[in-house]
Amino acid sequence: MSDYILGIESSCDDTSIALVDTEYRVIAMKTVSQTSVHSLFGGIIPEIAARNHIAWIFPLLRSLLDEAKISLSDLSAIAVTTHPGLVGSLLVGVGAAKGISAATGIPLVGINHLEAHIASASLNRKSRPQLPFLSLIISGGHTSLIEVKKEGIYTLGATMDDAAGEAFDKVAKMAKLGYPGGPVIDKLAQKGDASRYKMPKLLTSEKYKHSFVFSFSGLKTATQRFLKNDDIDMPSLMAAFQKSLFELVERRIIYALKHNKYKALVVVGGVSANSELRERMERVSHRFDTALFLPELQYCQDNGAMTAAAAIPAFQTKQFADFTLDAAPTKREIYG
Ligand SMILES: Nc1ncnc2c1ncn2[C@@H]1O[C@H](COP(=O)(O)OP(=O)(O)OP(=O)(O)O)[C@@H](O)[C@H]1O
Ligand SMILES: [Mg+2]
């Protein structure tokens with residue numbers, strides 16, 4: 001019989017539980033998104049997020065096991081996100097995982113949310129990225145370019161201000177397009193003409209030209225200035241915003257691929273669902289003849305399947321956590 005790993009993700013505002021086998025196949029997944037609740041406030045309210053996780057986590061588990069026709073005793077391990085994230089939200093997942101483990105004796109694995117995003121690109125794929133590989137984590141809380149090598153994981157560069165997803169959300173809020181901003185802007189931009197608005201070329205000064213850092217606050221301000229005009233061509237403005245943001249991302253990736261030999265390019269996180277970014281990454285990986293790993297669209301945003309997948313190596317080497325497992329609220333860059 002296969003080994004099934006239960007993944008529990010509650011680091012932010014999605015409650016998600018999934019079953020994944022050790023071949024990285026997703027057997028079942030159940031997610032409740034709180035987007036419609038938090039969109040009333042234009043952003044995430046941590047206490048409401050934590051309360052909703054409590055309301056949903058066990059009903060989701062029941063419905064997942066029923067659908068997969070699997071009982072708790074069939075599980076081989078329980079993986080749960082422990083950091084980084086909103087501490088109240090994380091604690092709900094960690095508490096649930098420890099409770100199930102205490103009642104059943106099934107071993108626990110604590111998961112770093114960013115490692116889980118990286119693992120999302122392996123879900124339902126036959127192969128894994130070979131080391132060394134380059135990874136871009138581009139999400140609501142992070143924009144980091146990292147190297148994953150045999151010797152360890154190193155951050156080449158990260159954002160100095162907003163994360164890319166945060167920039168999408170803030171621009172959408174200023175333009176009154178709703179929350180979250182990424183999917184709306186992505187759709188609008190497809191109908192626009194980016195050349196109608198002149199946006200800044202980001203971080204081209206001598207100081208930053210050859211670095212791996214990101215910054216999107218100047219782009220946000222430039223977009224805000226155009227939004228003050230009366231007759232805005234919104235699809236074109238959003239296309240211009242998005243183009244400028246992804247031009248910087250692509251430039252950084254090209255620079256990294258030019259100067260190092262990587263066996264794969266792994267692009268993950270909520271923003272990796274973006275159609276323009278996906279097209280750009282396809283072109284770049286083709287140009288450098290590098291294997292590209294992008295998650296399937298349903299695994300770009302936070303989900304329990306990637307949490308379970310990230311636990312597979314620890315499960316195979318029997319590196320389990322004990323009951324001191326705890327949540328950590330860190331928003332820090334965890335690598336390097
Ligand atoms: N098609 C898209 N284009 C651009 N951005 C998108 C798209 N779809 C979702 N996003 C953005 O992805 C972000 C959410 O991603 P994710 O769930 O990975 O972030 P998070 O969990 O809040 O942050 P982190 O993983 O860094 O802790 C939001 O900012 C959202 O606007
Ligand atoms: Mg995330």
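Not measured: the values here are computed from a predicted model. Whatever order the structure lists them in is the order used to number ligands and atoms, beginning at 1.
Salt bridge absent: Asp169 and Lys173 never bring a charged side-chain N and a carboxylate O closer than 4.0 Å. Residues Glu296 and Arg125 are not paired through a salt bridge, judged by the lack of any N-O separation under 4.0 Å between the basic side chain and the carboxylate. Using a 4.0 Å cut-off between a side-chain N of Lys or Arg and a carboxylate O of Asp or Glu, Glu147 and Lys149 qualify as a salt bridge. The residues Glu247 and Lys201 are annotated as salt-bridged, a charged nitrogen and a carboxylate oxygen being separated by less than 4.0 angstrom.
The closest side-chain heavy-atom distance from Pro295 to Ser272 is below 4.5 Å.
Looking at residues two or more places apart in sequence or on another chain, you find a side chain to side chain donor-acceptor pair (under 3.5 Å) between Glu166 and Lys170.
Less than 2.8 Å away from the Mg ion (ligand 2), the protein contributes these N/O/S atoms: His113 NE2, His117 NE2, Asp302 OD1.
Considering backbone and side-chain atoms alike, Pro180 places every N or O at 3.5 Å or more from each N or O of ligand 1. For ligand 1, one of its N or O atoms has an N or O atom of Asp186 under 3.5 Å away. Ligand 1 has a nitrogen or oxygen under 3.5 angstrom from a nitrogen or oxygen of Gly182. Checked by distance only, ligand 1 and Phe168 stay at 3.5 Å or farther apart across all their nitrogen or oxygen atoms. An N or O contact shorter than 3.5 Å links Gly141 to ligand 1 by distance. For Gly269, no nitrogen or oxygen atom sits less than 3.5 Å from a nitrogen or oxygen atom of ligand 1, counting backbone and side chain alike.
Checked by atom type, the side-chain pair His117/Asp302 shows a donor-acceptor distance below 3.5 Å. Side-chain N/O atoms of Ser2 and Asp21 include no donor and acceptor closer than 3.5 Å.
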side-chain hydrogen bond (donor to acceptor under 3.5 Å, both in side chains) assessment of Ser10 paired with His53: CA-CA 7 Å; Ser10 68; His53 287 310; 4.8 Å; no

Verdict with supporting geometry, Ser275 and Gln190, side-chain hydrogen bond (donor to acceptor under 3.5 Å, both in side chains): CA-CA 9 Å; Ser275 49; Gln190 289 170 30; 3.0 Å; yes

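Residue contacts with ligand 1 for Asp169 involve side-chain atoms from C-beta outward but no N, CA, C or O (heavy atoms, distance under 4.0 Å).
Using 4.0 Å as the threshold, Pro183 has a heavy atom nearer than that to some atom of ligand 1.
Note: Phe168 and Phe246 have tilted aromatic rings, judged against thresholds of 30 and 60 degrees for the angle between ring planes.
Close contacts between ligand 1 and Gly165 involve ligand atoms 29 (O) [criterion: under 4.0 Å to a heavy atom]. Close approach of ligand 1 to His117 is summarised as follows: ligand atoms under 4.0 Å from at least one heavy atom of the residue are 18 (O), 25 (O).
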